[in-house]
Protein chains: 2
Amino acid sequence: MGTIDIDGNRQEATCKQELIAMRDSLEILGGKWKLMLLRYLSNRLEEKNNFKKIQREIEGLSAKMLAKELKDLELNLLVSRSVVNTKPVTVEYRITPYGLNVLPLSENLVQWGLDHRAQIKR
Amino acid sequence: MGTIDIDGNRQEATCKQELIAMRDSLEILGGKWKLMLLRYLSNRLEEKNNFKKIQREIEGLSAKMLAKELKDLELNLLVSRSVVNTKPVTVEYRITPYGLNVLPLSENLVQWGLDHRAQIKR
DNA sequence: CTGTATCCACTGGGATACTG
DNA sequence: CAGTATCCCAGTGGATACAG
């Protein structure tokens with residue numbers, strides 16, 4: 001007695017929020033190129049990563065998709081975009097400090113994928 | 001001198017495999033319902049989880065999708081399927097011991113999603 | 001009960017060409 | 001260089017009906 005909370009209810013709520021959170025993550029990171037882009041940028045923190053360079057170096061990535069994925073990532077504060085006043089303007093993309101937080105997660109995905117491939121093959 | 005391996009090459013290969021592994025993971029776990037199903041089953045290890053019960057308890061999940069997702073998960077050894085000789089046959093689905101390995105990963109996704117939601121709102 | 005089959009709308013994503 | 005616009009296709013996923 002005393003508390004009116006019913007554990008069942010509280011768990012239900014928490015569970016739903018967890019599902020929403022998981023869905024969020026997959027939505028934000030789950031595109032075909034997003035995690036690849038973040039990993040790419042995280043390996044080139046010191047370089048000038050402009051649009052064309054990225055597209056050239058990630059094989060199969062079209063301008064359309066690159067523009068879209070970068071826009072999405074920027075909206076989620078994972079990537080920063082800065083225009084540089086060169087003769088034809090260039091744009092530099094960088095992963096944000098906050099964006100670096102996804103690296104452990106992507107490592108886990110890599111690890112799971114590797115383990116799973118081994119598991120399936122036997 | 002002595003070794004012919006070029007670090008650049010070896011890193012390239014590793015990097016590509018990592019990307020493939022990541023893609024694998026997203027493909028296998030990334031469907032709309034897969035992680036939800038695995039979490040659902042992991043919370044009901046002691047129950048008889050038959051098709052209809054699962055569909056009833058996961059809101060919005062159609063028979064078609066449930067069948068498909070379960071089949072995929074079974075192919076990847078994450079879920080087991082066993083037919084029971086009841087009057088009209090029933091089928092019990094369980095998460096495999098191996099399937100339990102995805103739970104940490106899904107926890108990470110949940111955590112990242114929660115953190116991110118907090119991050120974006122401020 | 002356990003699914004399959006069918007139809008259909010929406011979206012992701014590729015190819016190509018074009019603008020500022 | 002940095003994107004946008006357009007077209008187009010394959011896959012996802014919902015609704016409903018049906019079959020074993």
Side-chain angles (χ1 to χ4, degrees), chain A residues 19-20 22-38 40-41 44 47-76 78-95, chain B residues 19-20 22-38 40-41 44 47-76 78-95:
Chain A
L19 291 175
I20 292 172
M22 206 168 56
R23 189 65 53 85
D24 282 354
S25 301
L26 289 175
E27 219 165 277
I28 294 170
L29 304 175
K32 182 166 181 182
W33 304 102
K34 299 220 179 68
L35 281 170
M36 198 183 314
L37 271 172
L38 290 176
Y40 175 93
L41 291 176
R44 289 161 181 79
E47 305 178 25
K48 312 291 184 193
N49 298 296
N50 48 42
F51 194 91
K52 200 61 184 180
K53 169 170 178 281
I54 300 175
Q55 200 201 332
R56 232 183 303 111
E57 295 187 0
I58 299 187
E59 79 176 30
L61 178 48
S62 68
K64 171 186 162 186
M65 286 313 297
L66 179 53
K68 179 182 166 298
E69 302 284 59
L70 285 173
K71 213 174 287 176
D72 291 349
L73 292 174
E74 196 192 347
L75 269 175
N76 282 298
L78 300 168
V79 159
S80 70
R81 174 186 191 275
S82 46
V83 180
V84 186
N85 276 0
T86 45
K87 310 205 283 184
V89 293
T90 59
V91 180
E92 285 176 24
Y93 291 95
R94 254 168 287 152
I95 188 171
Chain B
L19 292 175
I20 292 172
M22 206 169 57
R23 189 67 51 84
D24 283 353
S25 302
L26 289 175
E27 221 164 275
I28 294 169
L29 305 174
K32 183 166 179 181
W33 305 102
K34 299 220 178 69
L35 281 170
M36 199 182 314
L37 271 171
L38 289 176
Y40 174 93
L41 291 175
R44 289 161 180 78
E47 304 178 24
K48 312 289 184 195
N49 299 296
N50 48 41
F51 194 91
K52 200 63 185 180
K53 170 170 177 281
I54 300 175
Q55 200 201 333
R56 232 183 302 110
E57 295 187 359
I58 300 188
E59 79 176 31
L61 178 47
S62 68
K64 170 185 163 187
M65 286 313 298
L66 179 53
K68 180 183 166 295
E69 302 284 61
L70 284 172
K71 210 175 290 176
D72 291 349
L73 291 173
E74 196 192 349
L75 269 176
N76 282 298
L78 300 168
V79 159
S80 71
R81 173 186 191 274
S82 46
V83 179
V84 185
N85 276 0
T86 46
K87 309 206 282 185
V89 294
T90 59
V91 181
E92 284 177 23
Y93 292 95
R94 255 168 288 149
I95 188 170

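Lettering follows sequence order; numbering is per chain, from 1. Side chains included, hydrogens not; waters and symmetry mates left out as well; all remaining heavy atoms used. Nothing here was measured: the structure is a model prediction, and the numbers come from that model.
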**Student:** Check DNA chain D against residues 53-68 of chain B and give the residues with a non-hydrogen atom under 4.0 Å, in numerical order.
**Tutor:**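 Going residue by residue through residues 53-68 of chain B, the ones with a heavy atom under 4.0 Å of DNA chain D turn out to be B:Lys64, B:Met65.
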**Student:** Is any side-chain heavy atom of A:Ile28 closer than 4.5 Å to one of A:Lys34?
**Tutor:**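 Of all side-chain heavy-atom pairs linking A:Ile28 with A:Lys34, none is under 4.5 Å.
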**Student:** Once you round to the nearest 0.5 Å, how far does CG of A:Leu38 lie from CE of B:Met22?
**Tutor:**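 Spacing of CG (A:Leu38) from CE (B:Met22) equals 8.5 Å.
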**Student:** Side chains of B:Leu37 and B:Leu78: does their closest heavy-atom pair fall under 4.5 Å?
**Tutor:**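 B:Leu37 does not reach B:Leu78 side chain to side chain.
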**Student:** Enter the inter-axis angle for the ends of the helix from C:dC1-D:dG20 to C:dG20-D:dC1 (five pairs per end, rounded to 10°).
**Tutor:**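 Rounded value for the end-axis angle: 40°.
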**Student:** Grab the two heavy atoms, one from B:Tyr93 and one from B:Arg81, that are nearest each other, plus how far apart they are.
**Tutor:**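 Here B:Tyr93 and B:Arg81 meet closest at OH-NE, 3.4 Å.
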**Student:** Which nucleotide span of DNA chain C, 5' end to 3' end, has atoms closer than 4.0 Å to non-hydrogen atoms of chain B?
**Tutor:**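 Using the under 4.0 Å cut-off, the span is C:dC1 to C:dC7.
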**Student:** Work out which heavy atom in B:Glu59 is nearest to a heavy atom in B:Trp33; give both atom names and the distance.
**Tutor:**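 Minimum heavy-atom separation between B:Glu59 and B:Trp33: O-CH2, 3.8 Å.
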**Student:** Check B:Arg94 against B:Ser82 and note the closest heavy-atom contact, atom names and distance.
**Tutor:**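 In terms of heavy atoms, the two residues are closest at NH2-OG, 3.4 Å.
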**Student:** A:Pro88 or A:Lys71: which one's nearest nucleotide on DNA chain D is closer to the 5' end?
**Tutor:**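 With A:Pro88 and A:Lys71 compared, the 5'-side residue is A:Pro88.
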**Student:** Looking at every heavy atom in both B:Leu26 and A:Leu35, which two are closest together, and how far apart are they?
**Tutor:**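 So the two residues come closest at CD1-CD1, 3.9 Å.
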**Student:** Kindly say whether B:Arg44 contributes a backbone atom to a donor-acceptor pair with the side chain of B:Asn49 at under 3.5 angstrom?
**Tutor:**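 Yes, because the side chain of B:Asn49 sits within donor-acceptor range (under 3.5 Å) of the backbone of B:Arg44.
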**Student:** Just to verify, what does A:Gln55 make a side chain to side chain contact (heavy atoms under 4.5 Å, CB included) with, not counting sequence neighbours?
**Tutor:**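 Per chain and number, A:Gln55 pairs via side chain to side chain contact (heavy atoms under 4.5 Å, CB included) with A:Phe51, A:Lys52, A:Ala63, A:Leu66.
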**Student:** Can you name the residues that form a salt bridge (Lys or Arg N to Asp or Glu O under 4.0 Å) with A:Lys32, not counting sequence neighbours?
**Tutor:**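 None.
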**Student:** Working to the nearest 0.5 Å, report the span between CG of B:Leu70 and OG of B:Ser80.
**Tutor:**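 Result: 10.5 Å between the selected atoms.
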**Student:** For DNA chain D, which nucleotides open and close the run of contacts to chain B, 5' to 3', at under 4.0 angstrom from a non-hydrogen atom?
**Tutor:**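 Listing 5' to 3', DNA chain D meets chain B from D:dG13 to D:dA15.
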**Student:** Is the shortest heavy-atom distance from the side chain of A:Lys53 to the side chain of A:Glu57 under 4.5 Å?
**Tutor:**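 They are in side-chain contact.
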